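Got a structure for you, written out below as structure tokens; questions coming shortly.
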Amino acid sequence: MELKNYIREIENFPKEGIGYKDISPLLLDHEAMKEVIAKFVARLPDVRIDKVVGMESRGFFFASLLAQELKAGFVPVRKPGKLPAKTFKQEYDLEYGSDSLEIHQDAIMEGENVLIHDDVLATGGTALATCKLVEKCKGNIVQCNFLIELDFLNGRERISNYKVESLIHY
Ligand SMILES: O=P(O)(O)OC[C@H]1O[C@H](OP(=O)(O)OP(=O)(O)O)[C@H](O)[C@@H]1O
Ligand SMILES: Nc1ncnc2[nH]cnc12
């Protein structure tokens, strides 16, 4: 199965000059989704994963499925003001803007093995902020995985302290 066939590119969205990688065709196909989850699992090291962390909002689609598959807990990292209990907060930059992210302080226990997942690795700002949030919780980051990596934006360099796996490269 050629996964790139399930990604469509929308030019100049959400801003002029951005080639947006739209995963909607993939989300519509349950067999392709199943294969994506199997591919993610196959690329994990042979260690127990306690928590899968997914970033709002597109990271949630696969991270919660992965957590279920790995018999791990799912931890949402959310945009500010969405999580109701005590949070840690981290500022970050985007390919098209800046924002901050939050995690519940009690979502990860000290020393737990954590898999971080997002749909796209672009500049790496979101991923780096998420790594910092997990480390504020004293979690152990086993791997960061992405459905799509935009190689030309070098996001991988910003998270070079961690093991990074991506299924599709542009
Ligand atoms: O590597 P970066 O440059 O940080 O960019 C990657 C992030 O950008 C997108 O999220 P976006 O903020 O567009 O939000 P969404 O998932 O809610 O659409 C994408 O889902 C990643 O989280
Ligand atoms: N080019 C892009 N397409 C889809 N999601 C993104 N997130 C950051 N850059 C993106």
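Counting starts at 1 for both ligands and their atoms, in listed order. None of these values were measured; they are calculated from a predicted model.
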Test of proximity, Gly19 against ligand 2: N or O pairs below 3.5 Å: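 Yes, at least one N or O pair falls under 3.5 Å.
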So, is Asp119 polar-close to ligand 1, with some N/O to N/O distance under 3.5 Å? yes
For Leu66, which of Phe40, Phe61, Phe74 qualifies under side-chain contact (heavy atoms from CB on, under 4.5 Å)?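 The single option meeting the side-chain contact (heavy atoms from CB on, under 4.5 Å) with Leu66 is Phe40.
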Who pairs with Tyr170 by side chain to side chain donor-acceptor pair (under 3.5 Å), at least two apart in sequence or on another chain? none
Which ligand 1 atoms does Lys79 reach within 4.0 Å, using its non-hydrogen atoms?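 Within the 4.0 Å cut-off of Lys79, ligand 1 contributes 11 (P), 12 (O), 14 (O), 15 (P), 17 (O).
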Does any pair with a residue in residues 151-165 pass salt bridge (charged side-chain N to carboxylate O under 4.0 Å, His left out), and if so which ones, sequence neighbours excluded? Arg43-Glu165, Glu149-Arg156, Lys163-Glu165
Minimum distance, heavy atoms only, to atom 4 (C) of ligand 2: which one of Glu9, Lys21, Lys15 is it? Lys21
Which of the atoms of ligand 1 are close to Val120, meaning less than 4.0 Å from one of its heavy atoms?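 Those qualifying, in numeric order: 6 (C), 21 (C).
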For Ala122, the ligand 2 atoms whose distance to one of its heavy atoms is below 4.0 Å: 8 (C), 9 (N)
Ligand-residue contact atoms, ligand 2 with Arg58, heavy atoms, under 4.0 Å: 4 (C), 5 (N)
For ligand 1, which atoms, with element, lie under 4.0 Å from some heavy atom of Thr123?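 Once the distances to Thr123 are compared, the set is 1 (O), 2 (P), 3 (O), 4 (O).
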Per-residue contact class, Leu150 against ligand 2 - non-hydrogen pairs under 4.0 Å: side chain
Is there a heavy atom of Met55 sitting under 4.0 angstrom from any atom of ligand 1?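 Met55: no contact with ligand 1 (<4.0 Å).
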If you count the atoms of ligand 1 from 1 in the order shown, which ones are under 4.0 Å from a heavy atom of Glu56? 16 (O), 17 (O)
